[in-house]
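Just so it is clear, the model here is predicted, and its values are computed rather than measured.
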Amino acid sequence: LKQSAQRLQFMLDSVPDIAWSAAPGPEFDFFNARFGQITGESAPADIDGWRAVIHPEDFDATLSKFSAALASPELFEDEWRLKQADGSYRYVLSRAIPSTNDPETARWFGTLTDIHDSRRIREERELLAGELAHRIKNIFSVVIGLININARGNTEREAFAELLSSSIRALSRAQEFALQMDRVAAEDLRGLLKVLMAPYGVEGESPVQILGDQVPFGPRAATPLALVFHELATNSAKYGALSTPGGTVAIAVSQNEGSAFITWHEAGGPEAKAPDKQGFGSRLITLAITHQLGGSIEHTWHREGLRTAITLPLDQLAS
């Protein structure tokens, strides 16, 4: 038993993280050697003793979270700044888990993991992504401005310029969304659709409803998807359900056996009729779905509105 205890103590003192345990109360009764090595402070016996090593700006917030975890009890996790032996502060990930679900008897076991460098890298990436998104948005704005300048004074050109500018704005929204994807937890295809359908309103206050499964997608798929749904929405606003006050569009997303399925269902608008010939927008949709994303698309025209069924391989969608 003595040798086993020595091995356990050696292991706990050797890991790079700070490890601790606490009896109900909580009364902190164990810290590995890393606590003193990193902080230069003696181990705290109670919660108030942590004030010496937690940044003053972080203490109250993390104490509130930990107190809530103690009362539950439930897994605790938070990020805050830990004072170092030299007086500087570094961000740590603080985790703790209770031994039972009884707040009166639960012991607590926790760790402090240094995440300062990874957090700094993450913040730098977020700053870079924000700057990149801003610059790309400016480029789109310049392109739209050039289109409008060259079309000014010509009725035919102005109509085409407005159509082209509208498509570029949709691409801009999709690109901005794609650049910020790594900053949004558990983002899925419905998130992109909400961004693209925002000009028409989404969810409860809107004629556009977006429902279904969480289907992940990658930045490469954002541009062709933006073109497709912008074209569908534009046509609906001109000739379909979105052109009338009572019209609605339901977009449903699902996945099964390696494929994602998206349905676009219009209702309450004028009777849908198949066009005499395939226009530029229809060809654009087909090319985006079949060539760029390796999927398929099918339109059916019903009295109550257009129905479009899109099938996409999940591996292509996620790349």
For residues 21-33, which side-chain donor-acceptor pairs fall under 3.5 Å, sequence neighbours excluded?
from, atom 1, to, atom 2, distance (Å)
Ser21, OG, Asp29, OD1, 2.8
Ser21, OG, Arg107, NH2, 3.3
Asp29, OD1, Arg107, NH2, 3.1
Asp29, OD2, Arg107, NH1, 3.0
Asp29, OD2, Arg107, NH2, 2.9
Asn32, OD1, Ala19, N, 3.0
Asn32, ND2, Leu12, O, 2.7
Asn32, ND2, Asp17, O, 3.0

Using atom types as modelled, flag every donor-acceptor pair under 3.5 Å from a side chain in residues 64-77 to any protein atom, sequence neighbours excluded.
from, atom 1, to, atom 2, distance (Å)
Lys65, NZ, Asp78, OD1, 3.0
Ser67, OG, Leu63, O, 2.8
Ser72, OG, Ala68, O, 3.0
Glu77, OE1, Arg95, NE, 2.9

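The hydrophobic cluster containing Leu146, built from Ile/Leu/Val/Met/Phe/Trp/Tyr side-chain heavy atoms closer than 4.5 Å, also comprises Val142. In the hydrophobic clustering, Ile115 connects to Tyr91, Leu93, either directly or through intervening members, whenever side-chain heavy atoms lie under 4.5 Å apart. Hydrophobic clustering, defined by side-chain heavy atoms of Ile, Leu, Val, Met, Phe, Trp and Tyr closer than 4.5 Å, leaves Ile121 isolated from every other such residue.
Partners of Arg90 by side-chain hydrogen bond (donor to acceptor under 3.5 Å, both in side chains), not counting sequence neighbours, listed by chain and number: Asp114, Asp117. Residues passing the side-chain hydrogen bond (donor to acceptor under 3.5 Å, both in side chains) test with Asn101: none are found, sequence neighbours excluded. Applying the side-chain hydrogen bond (donor to acceptor under 3.5 Å, both in side chains) rule to Arg81 yields the partners Glu57, Asp58; only residues at least two apart in sequence or on another chain are considered. Applying the ring-ring contact (aromatic ring centres under 6.0 Å, His included) criterion to His55, with sequence neighbours excluded, gives Tyr89. His299 is linked by a ring-ring contact (aromatic ring centres under 6.0 Å, His included) to Trp301, counting only residues two or more places apart in sequence or in another chain.
Within a 6.0 Å sphere centred on CD of Glu123, other residues, nucleotides and ligands contribute more than 12 heavy atoms.
Residue pairs satisfying the ring pair (Phe, Tyr, Trp, His ring centres under 6.0 Å) criterion with at least one member in residues 232-274, sequence neighbours excluded, are absent. Within the structure, every pair that satisfies the salt bridge (charged side-chain N to carboxylate O under 4.0 Å, His left out) test and touches residues 306-316, not counting sequence neighbours, is listed here: Glu304-Arg307.
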